[in-house]
Amino acid sequence: MKEFPLAAEPAGGIAGWAADLVDTMGGPGAGLAIALENLFPPLPSEVILPLTGFAAGKGVISLYSALFWTTAGSVVGALALYGIGNLFGRERMYSLWARLPLVKTSDLEKTEQWFAKHGTKAVFFGRMIPIFRSLISVPAGLERMPIPLFLLLTALGSSIWNFILIMAGYWLGDQWETVGQYVGILSKVILVLVVVALAVTIGRKVRSRRKSRNARNEKAA
């Protein structure tokens with residue numbers, strides 16, 4: 001197996017760790033890195049996948065091996081999170097939800113209904129959205145989506161995401177790190193949108209509860 005040229009090999013951090021895995025284990029090493037990325041989202045796929053493509057471009061591993069093993073790793077990691085959601089169970093989730101402030105069990109019921117209606121789209125497209133690509137497996141397990149369907153959607157969605165980032169690293173060569181910069185910007189935008197959406201939702205609930213409380217006080221008066 002070839003090794004990364006010393007001048008181009010990442011020296012440390014997550015990139016260095018992923019490079020060592022690929023150097024030592026080849027394609028399975030890239031798959032292991034992506035499986036761990038699914039379980040621990042702080043490990044960024046936007047670094048691991050372009051680096052894997054760069055390795056394929058240098059002949060360290062084949063392009064086919066890079067695509068196959070990273071998709072396999074995505075499926076394994078997603079299946080583990082699916083299992084967590086499945087084991088946690090609906091009753092425990094409802095029990096926990098009932099203790100949370102500013103939320104109602106009816107919200108969770110609506111979420112279940114939404115996932116029942118759009119679950120296949122959520123799992124498929126969620127695999128191509130930074131941040132949510134890992135988390136989407138948990139509600140799939142909680143709602144007990146059929147495992148064959150979950151695996152199929154996960155494999156298809158992951159293969160598209162992996163292909164895009166691996167090929168970007170493959171074609172960019174020594175400039176593979178620029179992929180992570182652009183995806184990182186996209187991740188921050190998505191995170192901001194999620195925070196804003198949560199803030200708006202909580203704000204509406206607070207106002208609704210205040211109105212209900214004021215209405216009750218007026219009737220009591």
Side-chain angles (χ1 to χ4, degrees), residues 14 17-18 21-22 25-53 55-56 61-94 96 108-170 179 183 186-187 190 194:
I14 294 175
W17 167 76
L21 279 178
V22 175
M25 302 174 61
L32 175 60
I34 288 299
L36 293 174
E37 177 264 335
N38 276 262
L39 295 172
F40 306 101
L43 294 176
S45 63
E46 59 266 28
V47 170
I48 298 171
L49 291 171
L51 174 63
T52 302
I61 57 176
S62 70
L63 190 57
Y64 171 81
S65 178
L67 294 169
F68 173 80
W69 284 106
T70 54
T71 300
S74 296
V75 172
V76 170
L79 187 59
L81 289 176
Y82 175 98
I84 291 173
N86 194 301
L87 289 174
F88 196 71
R90 189 174 184 272
E91 291 184 3
R92 291 182 181 177
M93 178 62 76
Y94 268 90
L96 174 62
L108 187 55
E109 291 173 351
K110 291 176 182 177
T111 300
E112 284 190 295
Q113 294 170 1
W114 181 89
F115 193 88
K117 186 176 181 180
H118 303 287
T120 54
K121 296 177 182 178
V123 172
F124 176 74
F125 290 106
R127 298 301 306 172
M128 293 175 271
I129 301 176
I131 301 174
F132 298 107
R133 58 188 313 272
S134 297
L135 301 178
I136 194 61
S137 301
V138 177
L142 181 65
E143 298 301 324
R144 290 175 169 78
M145 172 181 280
I147 291 181
L149 177 61
F150 173 76
L151 294 178
L152 175 62
L153 294 171
T154 298
L156 291 175
S158 297
S159 64
I160 294 174
W161 174 260
N162 294 353
F163 176 81
I164 292 173
L165 268 66
I166 286 174
M167 292 307 299
Y170 182 87
V179 179
V183 177
L186 176 61
S187 299
I190 291 175
V194 170

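Only a predicted model underlies this, so the values are computations on that prediction, with no experimental measurement involved.
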Minimum heavy-atom distance Thr71-Ala155, with the two atoms named
CG2-O, 3.8 Å
Sequence neighbours excluded, the answer for side chain to side chain contact (heavy atoms under 4.5 Å, CB included) partners of Leu63 is Ala56, Leu67, Ile166, Met167, Tyr170
Applying side chain to side chain contact (heavy atoms under 4.5 Å, CB included), can you list everything that pairs with Ser65, at least two apart in sequence or on another chain?
Ser62, Trp69
Give the minimum heavy-atom separation between Ala66 and Ile61, together with the two atoms involved.
CB-CD1, 3.8 Å
Once you round to the nearest 0.5 Å, how far does CD1 of Ile34 lie from CD1 of Ile48?
4.5 Å
Quick one: side chains of residues 73-89, donor-acceptor pairs under 3.5 Å with protein atoms, not counting sequence neighbours, listed by atom name and distance.
| residue | atom | partner | partner atom | Å |
| --- | --- | --- | --- | --- |
| Ser74 | OG | Thr70 | O | 3.0 |
| Ser74 | OG | Asn162 | ND2 | 3.3 |
| Tyr82 | OH | Met145 | O | 2.4 |

Among residues at least two apart in sequence or on other chains, which ones pass side chain to side chain contact (heavy atoms under 4.5 Å, CB included) with Leu156?
Phe124, Leu152
Pairs in or reaching into residues 148-158: which pass side-chain hydrogen bond (donor to acceptor under 3.5 Å, both in side chains), with residues at least two apart or in two chains?
Arg127-Ser158
Listed by chain and number, what are the side chain to side chain contact (heavy atoms under 4.5 Å, CB included) partners of Pro146, not counting sequence neighbours?
Pro148, Leu149
